[in-house]
Every structure is written in C-alpha cells, then in structure tokens.
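In what follows, a single structure is set out as structure tokens and then discussed.
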Amino acid sequence: MIEKRTGAGLEIDGVSKIFANHREKSELPVLQGVSFQAEAGSFVSVIGESGCGKTTLLRIIAGLEQASEGEVRLDGITVNGPNRRCGMMFQKNILFPWLTVRENIEFGPKLLKRKSDEHTEKLLQMMHLEQFAEVYPDKLSGGMAQRAALARALANEPEVLLLDEPLGALDALTRMKLQDELLRVWNYHGNTVVMVTHDIDEAIYMSDRIIVMSLRPGTIKRVIPVPMAHPRSRISGEFIEIRNAVLENLNFAKEG
C-alpha cells in the first residue's frame, strides 16, 4: 500500500489581491484581508458566488499567484512560489492529451527526477485505473479522467491538496460517487485539503469546516463547522440544518 502521510498545517494570514486593469488604468480588488487556518489533515471547503476570488485564493496558496498583501504559511514556513508540498487539481482535468494515463501520473515525479514506477502502480490501483494505464485521455469517461487527474495531483505526494471545483463538470450521480472516492483518498493519505466548490451539499458532505466568502472583493463572511462523523447522511436533520446556515450566509434563505 501507499505510505500514509500527514498533511501540513496551513495558515492564510491577511491575504489581499489586487489585479491591475491596464486598459482602464485602474485596479480590481479581488480578495481583501482573508485569514483562516487549516489544521494538519483537515478538510476545508470554500464556497461563495462566482467572482469572489475563490480560485485566486487557491492559486495564492499553491504559490502560483503572489498576494498583494499578507502571506501563506505551511507549518510556519512562508510560501514564496510553487512547491511540491502543494498539489492542485482543477475543474477541467487538464491531462496532457499526448500522454497515456500512466505517463500523465508520472509527469511530475519525472520533472523532479524521482523514480516513480512503484508509486504509479499503487496510484493506478487506488484510483481503479489499472486497466486504463496505457489509454489516452480522450478515450476516458469524465469520471475516469478526474480519477487520473487526482492521481497526478497525488503523484508528488503533496501535504496539501488544493481542489478547484474538481467534480463540477460531472453529472450528479458520478459526482456523488467521486465524492466518496475523494474522501477515501483523503482518509488514507491524511492530506490537508482545501476545496473550492459551488455545491453546498458537496461542501457539507465532505468538509470539517465551510468557509463562506462575500462578493468581490472576497472576504470571509463566516466559518461554519461541520461536526458530523463520516459517512454522512445527506438527508439527516443535522445536514439540513447546516445547509440552511450556509444558504442564509449566501443570502438565499427566505421566510415562508
């Protein structure tokens, strides 16, 4: 089996981001003073309306964007750029179409000049992709492609796994099945996970905490704990109560 690992503690401290609009010679504030912590091995979801800076926040955590103010720390060490401690999975699987499933998974380790044969085999087994190892991405179903993308994100053995709407392009039933797959992988590896999603039920079903963001510039409106043991019932009273709290903070709750 793949060696079980422990995620890193993550701190987002006063992060703001302003994009320059060169054509109009103006500035566009996207994030403003975002601060929260994700304990090692925890699963945190970030939810909010489109344009509130959720993906930008993930890219800053990954070191792919530089914050205008504030900083991100992994176990107390400031993130100054891309690093192998963070793995990122996007809504679109962005697998390299000219590489097989196996070659896509091995891509990151080969860049780092790390031998990955045994690890690749274990990831293929974990994702139930053994029979599709030599298949190219255009021959995969949406669910299989996302499994392959997750395996690639895990190939460098990241301590923090960043998920940007990873299941958003899938049909409802496939999405629910892959939610369970993601939880299984998280429970085994012990990664710290930060997931951006627009799906309220998905956030409740998977997360320890839900961070609700305001409209742009994105700030943290509320942090909602999800004190439910796994596996969770989507129709329990506690589940519905938490959903109502999220809806209220997104201004969708109505009387009567």
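Values in this document were obtained by computation on a predicted structure and should not be read as measured data. Reckoned from all heavy atoms, side chains included, excluding hydrogens, waters and symmetry mates. FYI, the numbering just counts along the sequence from 1.
- Contact annotation: the side chain of Pro227 approaches that of Glu238 to within less than 4.5 Å [non-hydrogen atoms, C-beta and beyond].
- Nearest heavy-atom pair, Pro97 versus Pro137, reported as atom, atom and distance to 0.1 Å: O-CD, 3.8 Å.
- Taken from CG in Leu129 to OG1 in Thr120, the straight-line distance is 12.0 Å, to the nearest 0.5 Å.
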Exercise. Decide yes or no on side-chain contact (heavy atoms from CB on, under 4.5 Å) for Val101 and Arg147, but give the supporting numbers first.
Key: CA-CA 10 Å; Val101 169; Arg147 284 191 178 93; over 6 Å; no
Using the rule given for salt bridge (Lys or Arg N to Asp or Glu O under 4.0 Å), can you reason through Lys177 versus Glu181, listing the C-alpha separation, both sets of side-chain angles and the distance that settles it, and then say yes or no?
CA-CA 7 Å; Lys177 289 178 182 177; Glu181 291 290 328; over 6 Å; no
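- Atom OG1 of Thr100 and atom CZ of Phe132 lie 13.5 Å apart (nearest 0.5 Å).
- For the pairing with Ile200, the side-chain contact (heavy atoms from CB on, under 4.5 Å) check across Leu247, Asn244, Ile242 returns one residue only, Leu247.
- The two residues Ile105 and Ala151 make their nearest non-hydrogen contact at CD1-CB, 3.7 Å.
- The backbone N or O of Asp13 lies less than 3.5 Å from no partner atom in the side chain of Arg73, so there is not a single donor-acceptor pair.
- Among all heavy-atom pairs drawn from Met228 and Ser236, the shortest one is CE-OG, 3.6 Å.
- Scanning all heavy atoms of the two residues, the minimum distance from Ala148 to Leu95 falls at CB-CD1, 3.9 Å.
- Between Leu161 and His189, every side-chain heavy-atom pair lies at or beyond the 4.5 Å cut-off.
- Between the side chain of Thr192 and the backbone N or O of Gly9, no donor-acceptor pair lies under 3.5 Å.
- The shortest distance between side-chain heavy atoms of Val223 and Val44 does not fall below 4.5 Å.
- Atom CD of Glu134 sits in a crowded spot, with more than 12 heavy atoms from other residues, nucleotides or ligands closer than 6.0 Å.
- For the atom pair CG (Leu167) and OG1 (Thr197), the distance works out to 7.5 Å, reported to the nearest 0.5 Å.
- Follow the hydrophobic side-chain contacts under 4.5 Å out from Met89 and you reach Leu183 in the same cluster.
- Taking the centre and axis of the six-membered ring of Phe107, the NZ or CZ atom of Arg152 falls outside the cone set by 45° and 6.0 Å.
- A salt bridge links Arg175 with Glu165: the distance from a Lys NZ or Arg NE/NH1/NH2 to an Asp or Glu carboxylate oxygen falls below 4.0 Å.
- Val193 and Tyr188 fall within the same hydrophobic cluster, where Ile, Leu, Val, Met, Phe, Trp and Tyr residues are linked whenever their side-chain heavy atoms come under 4.5 Å apart, directly or through other members.
- Note that the CG atom of Leu28 and the NZ atom of Lys17 stand 11.0 Å from one another [nearest 0.5 Å].
- Going from atom CG of Leu182 over to atom CD of Gln146 covers 9.0 Å, rounded to the nearest 0.5 Å.
- In this structure, the side chains of Glu121 and Arg102 come closer than 4.5 Å at one or more pairs of heavy atoms.
- Under the 4.0 Å criterion applied to side-chain N and carboxylate O atoms, Arg234 and Asp201 are not assigned as salt-bridge partners.
- Pairs engaging residues 138-168 under the ring-ring contact (aromatic ring centres under 6.0 Å, His included) rule: none recorded [sequence neighbours left out].
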- Message: Please evaluate residues Tyr205 and Asp199 with respect to the criterion side-chain contact (heavy atoms from CB on, under 4.5 Å), reporting the C-alpha separation (whole Å), side-chain torsions for both, the decisive distance (0.1 Å), and the verdict.
- Response: CA-CA 10 Å; Tyr205 187 71; Asp199 189 315; over 6 Å; no
Which donor-acceptor pairs under 3.5 Å do the side chains of residues 57-64 make with protein atoms, sequence neighbours left out?
none

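- Using modelled atom types, one side-chain atom of Asn104 and one backbone atom of Phe96 make a donor-acceptor pair closer than 3.5 Å.
- With contacts defined as side-chain heavy-atom distances shorter than 4.5 Å, the pair Leu154/Met127 qualifies.
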task: Before giving the answer on side-chain contact (heavy atoms from CB on, under 4.5 Å), spell out for Met176 and Asp180 the whole-Å C-alpha distance, their side-chain angles and the decisive distance to 0.1 Å.
output: CA-CA 7 Å; Met176 286 191 286; Asp180 288 327; 6.0 Å; no
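- Using a 3.5 Å distance cut-off with no hydrogens or angles, the side chains of Ser16 and Ser68 do not pair a donor with an acceptor.
- Side chain of Lys221 to main chain of Asn249: a donor-acceptor pair is present (N/O by atom type, distance under 3.5 Å, no hydrogens or angles).
- Ser35 contributes a side-chain N or O that, together with a main-chain N or O of Gly14, makes up a donor-acceptor pair within less than 3.5 Å.
- For the pair Trp186 and His230, the tightest heavy-atom approach, listed with the atom from each and the gap, is CZ3-NE2, 4.0 Å.
- Looking at Arg243 and Val246, their side chains never come closer than 4.5 Å, going by heavy atoms from C-beta outward.
- Across all their heavy atoms, Pro109 and Asn156 have their closest contact at N-OD1, 3.2 Å.
- Using a 4.5 Å cut-off between side-chain heavy atoms of Ile, Leu, Val, Met, Phe, Trp and Tyr, with links allowed through other members, Val212 and Phe252 fall into the same hydrophobic cluster.
- Residue Ile235 qualifies as open at atom CD1: its count of foreign heavy atoms under 6.0 Å is 12 or below.
- The same ILVMFWY cluster, assembled from side-chain heavy atoms under 4.5 Å apart, contains both Leu150 and Leu178.
- By the 4.5 Å heavy-atom criterion applied to side chains, Ile211 and Ile47 are not counted as neighbours.
- Sorted by first then second residue, the side chain to side chain donor-acceptor pair (under 3.5 Å) pairs that include residues 46-55, not counting sequence neighbours, are Ser50-His198, Lys54-His198, Thr55-Asp164.
- Using a 4.5 Å heavy-atom cutoff, the side chains of Arg232 and Val226 are in contact.
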Exercise. Would you check, one step at a time, whether the test side-chain contact (heavy atoms from CB on, under 4.5 Å) holds for Arg85 with Ile77?
Key: CA-CA 11 Å; Arg85 298 185 71 186; Ile77 301 172; 4.2 Å; yes
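- Between Gln125 atom CD and Glu130 atom CD the span is 5.5 Å, to the nearest 0.5 Å.
- Other residues, nucleotides and ligands contribute at most 12 non-hydrogen atoms within 6.0 Å of the CZ atom of Arg216.
- Checked options Asn191, Val72, Val160; the residue passing with Cys86 is Val160 (criterion: side-chain contact (heavy atoms from CB on, under 4.5 Å)).
- Connection of Leu31 to Leu215 is not established within any shared hydrophobic cluster, with ILVMFWY side chains joined at heavy-atom distances below 4.5 Å, either directly or through further cluster members.
- Listed for the Trp98 side chain is no donor-acceptor partner under 3.5 Å among the backbone atoms of Tyr136.
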